[in-house]
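To start, the structure under review is shown below, and the notes come after it.
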Amino acid sequence: MIRLENIIKYFHKGSVNEVFALNNLSLQIEEGDFVTVIGSNGAGKSTLLNCIAGGFFPDSGSISIADHDVTRWPEYQRARFIARVFQDPLLGTCPSATLEQNMALAIRRGLKRGLARGVKAADRLRFRKELEHLGLGLEDRLLDKVGLLSGGQRQALTMLMATMIRPEVLLLDEQIAALDPKTANQILSLTHDIVRQQGLTTLMITHNMKHAIAFGNRLIMLHQGRIILDLSGAAKENLTVADLLAQFYKTQGEELALDSLLLG
Amino acid sequence: MTLYAAFGAIEQGFVYGIMVIGVYLTFRILDFPDLTVDGSLPLGAAISAVAITSGVNPYLSLLLAVAGGFLAGVVTAVLNTKFKILHLLASILTMIALYSINIRIMAGPNVALLGSETVFDSVTRLGVPAHFAGLIIFGSFAVLVVCLIVWFLGTELGQAILATGDNPQMIRSLGVNTDAIIILGVGISNALVALSGALVAQNQGAADVGMGIGTIVAGLASVIIGETVFGCRTIGRAFIAALLGSIVYRLAIALALSFEIGGFRFNPSDLNLITAVLVIAALIAPNLKRRLIAH
């Protein structure tokens, strides 16, 4: 489904701010895989997701999605295959557009946009039904501007918008990090339900080791732009947070004592 | 202010209102401050005037002006999106270039339309008095443009334009080429500005290379006055407010010019100062109102 081969990416190459963001990274993800991604700050998690989404082109290496070589495809073109939910709840929706306008934008992801009405009467019924499933009372607020919603409501809406037409790949970049614990749990279980129902190929970045273990069928840990741990199947199912920390130390040694604080 | 002056101001408000709609599209919808308009207004005037003097139908000459304006906007937007030149600077470069181009088009600094057929003749021929022809033509063009733009922004493509100004990252991840959208939007904006210039030229019987000076300031003044006075809750309301703002702006200017205390009165050359004061007043009015209510 997704195949990354020998991806190398520098930021600000040749300057004092040079960052070696992805270090010869290769990764293959099968259809229907739900991969959780962990790693300390600056490990390359967001860079990896951005690289798949097409936010930048790698310096070398190749990316293919659903048997298409997309290495040189701009971000808007890859949207055919990819849906994203960002960490910042403000990034996933248009604040000055209404709920129905936002959802109408989302159901044309990757399709041509012409002179037909932006919001069609038939779609309204569908939007209402989809919003009812969220159980947040948003179904009666189709004509409200999204800027009026709370961060959690916006993130739930973004999650819905990302999956109203089935994406080949769903990229979740710490989608609950900016929310309070209760809302975060709601969004997380919503994520779980949608991904399982639709059998979506998913990458989810998280800072929470428990979540990383509880969700998905595969777990990868990044460090300094490389994958230093890749567990799936039984190896992942029997994993505990203590195991994960131990694994982390074993690979990296004592020098990363500080990182364990960040990860715990 | 005489009735005659008020009448003229409303007429001007309508015709320059078409330009204001264009400015609203870039400045507010796309968040793209675009100074190209100072060059695309006389560009439209020049194209239309030259076309008419070469025997082209006056309505067809408007279409040519619209096409020319669209192209000017495309140049600015391409400089910005493809070559990463700051939007403000890109638009200034196009504006400066247009000064030379406009003189080339007219083969001189101006073109007179004396005795040539204009769109106004098509109305006066129906028996409408000449001083109403301007109001009718300008009014119908302005209203038509508002209707078209509001309709367009409700389409799938129009919604993508709105989203591009609002949240480019989001709409890119939904598969929209934001560069193309900006090029289209700035193109449409300048097409409207050129249409406004072409109509002005046909009305005053001449195109002049200097007629675009201060267009952007008048446009912004009208946009801000419209928003302050009439509000901008929905897209439809915002564009109607922009058009009405243009009329209020022209009326305010006419009022200021007719103002007289003792031996003092304003000159037409004081227009820029008056405009600046008007914009400042419109900008601080909401703030002031809030403070007065709070205390």
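Chain letters run A, B, ... following the sequence lines, proteins first, then strands; residues in each count from 1. Nothing here was measured: the structure is a model prediction, and the numbers come from that model.
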(message) If I take atom CE from residue A:Met161 and atom CG from residue B:Leu174, how far apart are they, to the nearest 0.5 angstrom?
(response) 5.5 Å
(request) Pick whichever of A:Ala162, A:Ala97, A:Ala106, A:Ala83 has the most heavy-atom pairs under 4.5 Å with chain B. (result) A:Ala106
(message) With a sphere of 6.0 Å drawn around CG of B:Asn287, does it hold more than 12 non-hydrogen atoms of other residues, nucleotides or ligands?
(response) yes
(request) State, with a plain yes or no, whether a side-chain heavy atom of B:Arg172 is found less than 4.5 Å away from one of A:Arg78. (result) no
(message) Within the supplied structure, the quantity of interest is the number of heavy atoms (other residues, nucleotides, ligands) at a distance under 6.0 Å from A:Arg166 CZ; does it exceed 12?
(response) yes
(request) Heavy atoms only: give me the nearest B:Val176-A:Tyr76 pair and the separation to one decimal. (result) O-CB, 3.3 Å
(request) Look at atom CZ of A:Arg141 and say whether more than 12 heavy atoms of other residues, nucleotides or ligands are closer to it than 6.0 Å. (result) yes
(message) Checking side chain to side chain contact (heavy atoms under 4.5 Å, CB included) between A:Cys94 and each of B:Asp166, B:Leu162, B:Thr164, which is the one that passes?
(response) B:Asp166
(request) Specify which of B:Thr178, B:Asn167, B:Ile171, B:Leu153 makes the most heavy-atom pairs with chain A at under 4.5 Å. (result) B:Asn167
(message) As an exercise: rank A:Arg84, A:Gln77, A:Arg109, A:Lys145 by heavy-atom pairs under 4.5 Å with chain B and give me the winner.
(response) A:Arg109
(request) Would you mind reporting whether A:Phe86 and B:Gln169 have side-chain heavy atoms less than 4.5 Å apart? (result) yes
(request) Give, as side chain, backbone, both or neither, the part of A:Ile82 having an atom under 4.5 angstrom from any heavy atom of chain B. (result) backbone
(request) Determine the sole option in A:Arg117, A:Lys120, A:Lys112 for which the side-chain hydrogen bond (donor to acceptor under 3.5 Å, both in side chains) test with B:Glu156 is passed. (result) A:Lys120
(message) To check you understand the geometry: which heavy-atom pair defines the closest contact between B:Leu157 and A:Arg113, and what is its length?
(response) CD1-O, 3.7 Å
(request) Measure A:Ala116 against the heavy atoms of chain B and call it side chain, backbone, both or neither at under 4.5 Å. (result) both
(message) Let's test your reading of the structure: which of A:Ala104, A:Gly54, A:Gly92 forms the most heavy-atom pairs below 4.5 Å with chain B?
(response) A:Gly92
(message) With a 6.0 Å cut-off (strictly less than), is the heavy-atom count around CZ of A:Arg196, excluding the residue itself, greater than 12?
(response) no
(request) Kindly give the heavy-atom pair with the smallest separation between B:Phe152 and A:Leu115, and that separation in Å. (result) CE1-CD2, 3.7 Å
(request) Any chance you could measure A:Leu90, atom CG, to B:Met170, atom CE, to the nearest 0.5 Å? (result) 12.0 Å
